[in-house]
Amino acid sequence: MERGFARAAVSEALDSLERERLLDDVAAARSTVRVRGTRYGRARIERELKARGFPGETIAAAIAAEDGEGREGEAIRRAFKRLWDARRHLAPPLRRRRVFDALTRRGFPAERISEIIRGGHEVD
């Protein structure tokens, strides 16, 4: 018995919640992907879900179900614009590096960040 509840009672309660679809790991992970996917890239979201204890299969299913590329593409474009504009005062090489680093920390893929930077934002 832990914290006043017998293992059998806990197991029965969890089974009941799962049967009634009130306890659904994939739905919880999908919710996180949906909400966090408006600001962060797939890698960051995967790290967050892993840190919260979700299994790899659940994470993969949640990301696949929530259209990772379409959402991530929009999120990286918005984040890039905001970061690029905010660092207008920096010299171009430093500006590119700072924006690149910030987007990498947000979990966006390096290749995609480089594409966006090369796509007309090399020099203002």
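Counting from 1, the numbers follow the sequence of the chain as shown.
Arg34 is linked by a side-chain hydrogen bond (donor to acceptor under 3.5 Å, both in side chains) to Glu66, counting only residues two or more places apart in sequence or in another chain. Considering only residues two or more places apart in sequence or on other chains, Arg78 meets the salt bridge (Lys or Arg N to Asp or Glu O under 4.0 Å) condition with Glu74. The salt bridge (Lys or Arg N to Asp or Glu O under 4.0 Å) test applied to Asp15 returns no partner, not counting sequence neighbours. Scored by the side-chain hydrogen bond (donor to acceptor under 3.5 Å, both in side chains) test, Arg87 finds no partners at all (sequence neighbours excluded).
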>> For Trp84 and Arg96: C-alpha separation, side-chain torsions, deciding distance, then whether side chain to side chain contact (heavy atoms under 4.5 Å, CB included) applies.
In response: CA-CA 8 Å; Trp84 190 256; Arg96 285 191 296 270; 3.8 Å; yes
> Which is it for Val10 and Arg7 under the side chain to side chain contact (heavy atoms under 4.5 Å, CB included) test, yes or no, and what are the steps along the way?
Replying inline: CA-CA 5 Å; Val10 170; Arg7 286 188 186 273; 5.7 Å; no
>> Applying side chain to side chain contact (heavy atoms under 4.5 Å, CB included) to Arg42 and Arg71, what does each step give before you reach the verdict?
In response: CA-CA 10 Å; Arg42 178 184 178 133; Arg71 189 175 302 243; over 6 Å; no
> What do the steps show when you test Arg95 against His89 for side chain to side chain contact (heavy atoms under 4.5 Å, CB included), and what is the final call?
Replying inline: CA-CA 8 Å; Arg95 184 181 190 189; His89 63 283; over 6 Å; no
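Remark: Ile113 CD1 to Thr104 OG1 distance equals 3.5 Å, nearest 0.5 Å. Residue Ile63 holds its CD1 atom at 12.0 Å from CZ of Arg30, rounded to the nearest 0.5 Å. Residue Glu115 holds its CD atom at 12.0 Å from CZ of Phe80, rounded to the nearest 0.5 Å. Ile76 CD1 to Ile116 CD1: the interatomic distance, rounded to the nearest 0.5 Å, is 4.0 Å. Between the CD1 atom in Ile59 and the CG atom in Leu49 there is a gap of 5.0 Å [rounded to 0.5 Å]. In this structure, CZ in Arg82 is found 13.5 Å from CZ in Arg77, a value given to the nearest 0.5 Å.
Of all heavy-atom pairs between Phe108 and Ala79, the closest is CE1-CB, 4.3 Å. Taking every heavy atom of both residues into account, Ala75 and Gly37 meet most closely at CB-O, 3.4 Å. The nearest pair of heavy atoms linking Ser114 to Phe100 is OG-CE1, 3.6 Å.
Side chain of Arg97 to backbone of Pro93: no donor-acceptor contact under 3.5 angstrom is found.
Heavy atoms of other residues, nucleotides or ligands lying less than 6.0 angstrom from CZ of Arg106 number more than 12. Residue Glu12 qualifies as open at atom CD: its count of foreign heavy atoms under 6.0 Å is 12 or below.
Cluster annotation: Val33 and Val26 are assigned to distinct hydrophobic clusters (Ile/Leu/Val/Met/Phe/Trp/Tyr, side-chain heavy-atom contacts under 4.5 Å, transitive). Hydrophobic clustering places Leu17 together with Phe5 (ILVMFWY residues linked when any side-chain heavy atoms are closer than 4.5 Å, directly or through intermediates).
Within the structure, every pair that satisfies the salt bridge (Lys or Arg N to Asp or Glu O under 4.0 Å) test and touches residues 47-61, not counting sequence neighbours, is listed here: Arg36-Glu48, Arg44-Glu48.
Ion pairing of Asp101 with Arg98 is absent here, as no side-chain N (NZ or NE/NH1/NH2) approaches a carboxylate O to less than 4.0 Å.
Apart from Leu94 itself, the hydrophobic cluster it occupies contains Leu90, where clustering links Ile, Leu, Val, Met, Phe, Trp and Tyr at side-chain heavy-atom distances under 4.5 Å.
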